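First comes the structure, then the notes that go with it.
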There are 2 protein chains.
Amino acid sequence: MSPRREHRLVFLLTVAQRRLQRWMAAQRQNSSVTATQAGLLFILGQRDGVLMGEAGAALDLGPPGISGLVDRMTAANLIKRRADPDDGRAWRLWLTPAGREAIAQSKAGLVEVNARLTDGFTDAEIDVVARWLTTMQTRFPRGEDE
Amino acid sequence: MSPRREHRLVFLLTVAQRRLQRWMAAQRQNSSVTATQAGLLFILGQRDGVLMGEAGAALDLGPPGISGLVDRMTAANLIKRRADPDDGRAWRLWLTPAGREAIAQSKAGLVEVNARLTDGFTDAEIDVVARWLTTMQTRFPRGEDE
DNA sequence: CCTAGATAGTTCGCATGCGAAATAAATCGA
DNA sequence: TCGATTTATTTCGCATGCGAACTATCTAGG
């Protein structure tokens, strides 16, 4: 109703994400992997050997973002970077055995998060939330997208 | 339904927040202030002279977070830090005239963001979203809160 | 062919915020 | 009253990701 209430959505979203990241980091402790890292693992689990740019687009990361992510995950021996045989500029990403194991671990770790994320809300309500979050990508386009 | 769909909430939330931040930064260009900075301005607009810790709690920032935020906003001449007369450890935060002006600007800037955040959703749906975001703070507690 | 643009990644400097450890001031208990 | 603990804030090193500028490669057009 009042514009004041809607104002708060910006802050609510910011805070909610910070909470989630912090909570996941605390759970994670010395094992496993961040949410974004898990995202890349899941992508590679479905389509091993994607281009960095493709992965970045799927994760909504710009070039520096995906580049850094790949650096860190390569250093952690979760993925490997190999030159594309057909394009000297491009690199393709591949899971390492450790990365493949981390997928299973991450999926397990997400079970608790999922439970908390949906706790106290009906399926219909979660659908609304998911739709709202999904369409953020359309409603807040990047650069010259539209 | 399928656990797969709920898995995605983690990523949807992460991406949504990144989108929003990026979009706001792009709009912001060379003027105005980030969402979190606006949050602090609004707090001071209602209760000038809060303790740093209080502000941090309201913004869901830990000590290093609020400390850095205050540093940057002090450097930008939006707020002032003054020692608490009754407690030598504590600092209270006050708006500068520039900060007071920035509040109005920020509120204006949020109008467009609000419109986009709620665009295409009914009031009832936005209520669900707001409730979901709000209760994240309960469902993902910090440290030893509970 | 060869040059002009487009494209894939990287690097740099910055902003944000974290946890852990440090500092300084306040308070509590013997 | 004085040492031990608690509390407010800062500092440090790190992770994440951005925009801008750069590098290297590819692709078109002449």
Side-chain angles (χ1 to χ4, degrees), chain A residues 11 14-30 32-40 50-57 59-76 81-93 140 142-144, chain B residues 11 14-30 32-40 50-57 59-76 81-93 140 142-144:
Chain A
F11 302 110
T14 302
V15 169
Q17 205 269 339
R18 207 146 59 209
R19 278 273 166 161
L20 179 61
Q21 288 309 127
R22 194 196 283 137
W23 189 87
M24 288 182 73
Q27 299 307 108
R28 185 162 71 249
Q29 292 293 44
N30 39 38
S32 199
V33 117
T34 69
T36 303
Q37 292 185 1
L40 182 51
V50 296
L51 294 173
M52 285 183 58
E54 291 171 350
L59 296 168
D60 199 50
L61 290 175
I66 186 64
S67 192
L69 181 67
V70 167
D71 284 351
R72 293 185 295 273
M73 291 180 72
T74 300
R81 206 191 317 235
R82 277 198 232 129
D84 184 307
D86 300 328
D87 188 338
R89 299 164 299 180
W91 297 86
R92 293 189 175 275
L93 304 176
F140 293 89
R142 176 152 58 171
E144 297 79 11
Chain B
F11 303 110
T14 301
V15 169
Q17 205 270 339
R18 208 147 58 209
R19 278 273 167 161
L20 179 61
Q21 288 309 127
R22 194 196 285 137
W23 189 88
M24 288 182 74
Q27 299 307 108
R28 184 161 72 249
Q29 293 293 44
N30 39 40
S32 200
V33 117
T34 70
T36 303
Q37 292 186 358
L40 182 51
V50 296
L51 294 173
M52 284 183 57
E54 290 170 351
L59 296 168
D60 199 51
L61 291 174
I66 186 65
S67 192
L69 181 67
V70 167
D71 284 351
R72 293 186 296 272
M73 290 179 74
T74 299
R81 209 191 313 236
R82 277 198 232 128
D84 184 307
D86 301 329
D87 187 337
R89 300 165 298 180
W91 297 86
R92 294 190 175 273
L93 303 176
F140 293 90
R142 176 152 59 171
E144 297 79 12

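Fair warning: this is a prediction, and the values are worked out from it, not measured in the lab. Lettering follows sequence order; numbering is per chain, from 1.
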Compare the minimum distances between each of C:dT16, D:dT16, D:dC18 and the side chain of A:R72, then state the nucleotide with the smallest one. D:dT16
Side chain of A:D87, heavy atoms from C-beta onward: which of C:dA8, D:dT10, C:dG17 has the nearest atom to it? C:dA8
Classify A:L51 by what it touches in the nucleic acid, base, sugar-phosphate, or nothing, heavy-atom distance under 4.0 Å. sugar-phosphate
Quick check for you: among D:dT9, D:dG17, D:dT16, whose closest atom lies nearest to any side-chain atom of A:L61? D:dG17
Starting from C1' on D:dC14, measure out to CZ on A:R22 and report it in whole angstrom. 16 Å
Looking at A:T34, does any N or O in its side chain come under 4.0 Å of the phosphate oxygens OP1/OP2 on D:dA15? no
Taking atom CD of A:Q27 and atom CZ of A:R22, what is their separation to the nearest 0.5 Å? 13.0 Å
Measure from the side-chain heavy atoms of B:R89 and tell me the nearest of C:dA25, C:dC18, C:dA15. C:dA25
Side-chain heavy atoms of A:Q21 within contact of A:R18, under 4.5 Å: no
Send over the distance from A:R82 CZ to C:dG9 P, rounded to a whole Å. 15 Å
Ignoring backbone atoms, establish whether B:T36 has a side-chain N or O less than 4.0 Å from OP1 or OP2 of C:dG17. yes
Return the minimal non-hydrogen interatomic distance between A:I66 and A:L59, and the atom names on each side. CD1-CD1, 4.3 Å
So which nucleotide from C:dA20, D:dA15, D:dA24 ends up closest to the side chain of B:P64? C:dA20
Rounded interatomic separation in angstrom, taking CD from B:Q37 and P from C:dA15: 10 Å
5' priority, DNA chain C, between B:D86 and B:G62 [closest heavy atom]: B:G62
A:M52 side chain, from C-beta outward: closest of C:dT10, D:dT16, C:dA8: C:dT10
So do the side chains of A:L93 and A:E54 get within less than 4.5 Å of each other, counting heavy atoms only? no
Looking at the side chain of B:R81, which of C:dG9, D:dT16, D:dT10 is the nearest nucleotide? D:dT10
Take the protein atom CD1 of B:I66 and the nucleotide atom C1' of C:dG19, then report the distance between them rounded to whole Å. 17 Å
In whole angstrom, give the distance that lies between atom CG of B:L69 and atom C1' of C:dG17. 10 Å
B:R19 CZ to D:dG19 P: how many Å, rounded? 11 Å
Heavy atoms from C-beta onward define the side chain here; which of C:dT11, D:dT11, C:dA8 lies closest to that of A:S67? C:dT11
Give A:G68 one of three labels, base, sugar-phosphate or nothing, depending on what nucleic acid heavy atoms sit under 4.0 Å from its own. nothing
Which atom names give the shortest non-hydrogen contact between A:A38 and A:V33, and what distance separates them? N-CG1, 3.4 Å
Separation of B:Q17 atom CD from D:dC18 atom P, in whole Å? 11 Å
Atom-pair distance (CG on B:L20; P on D:dC18), nearest Å: 13 Å
With the threshold set at 4.0 Å, does a side-chain nitrogen-carboxylate oxygen contact exist between B:R81 and B:D71? yes
